[in-house]
Amino acid sequence: MTTAVLTDRERTAVQAYLRLLHTVRAGFDSAAGPGGPPRPPVVPPSVLAEAEQALREAGLRGNEEAFFRLLRDWCPPRP
């Protein structure tokens, strides 16, 4: 297994993305209220803005292929 060595900005972008991902998952997990209609998931604008800024500062905004390659190398999927 290879280990990616990320710059501080790349690491910040990956961490911000993971926080965003966990926030979205938590929103979907709690979207269905007991006995009521499903509620739409809510993502706080600050979490989304943090991820956007981190991607921009790392030079990865608009370059999803490079970003997801970094993410996969740094945090490989579980088998």
(message) If I take atom CD from residue Q53 and atom CG from residue L48, how far apart are they, to the nearest 0.5 angstrom?
(response) 12.0 Å
(request) With sequence neighbours excluded, tell me which residues meet side chain to side chain contact (heavy atoms under 4.5 Å, CB included) with A66. (result) L60, N63, R69
(request) Output all residues satisfying side chain to side chain donor-acceptor pair (under 3.5 Å) with R61, sequence neighbours left out; order by chain, then residue number. (result) E52
(request) Measure across A13 and A54 and return the closest heavy-atom pair with its distance rounded to 0.1 Å. (result) CA-CB, 3.6 Å
(request) Measure the spacing between CG of L55 and CD of E10 and express it to the nearest 0.5 Å. (result) 11.0 Å
(message) I need the full list of side-chain hydrogen bond (donor to acceptor under 3.5 Å, both in side chains) pairs touching residues 13-23, with sequence neighbours left out, sorted by first then second residue.
(response) R19-E50
(request) Apply side-chain contact (heavy atoms from CB on, under 4.5 Å) to the pair R11 and V14, showing each step before the final yes or no. (result) CA-CA 5 Å; R11 187 177 308 103; V14 169; 5.8 Å; no
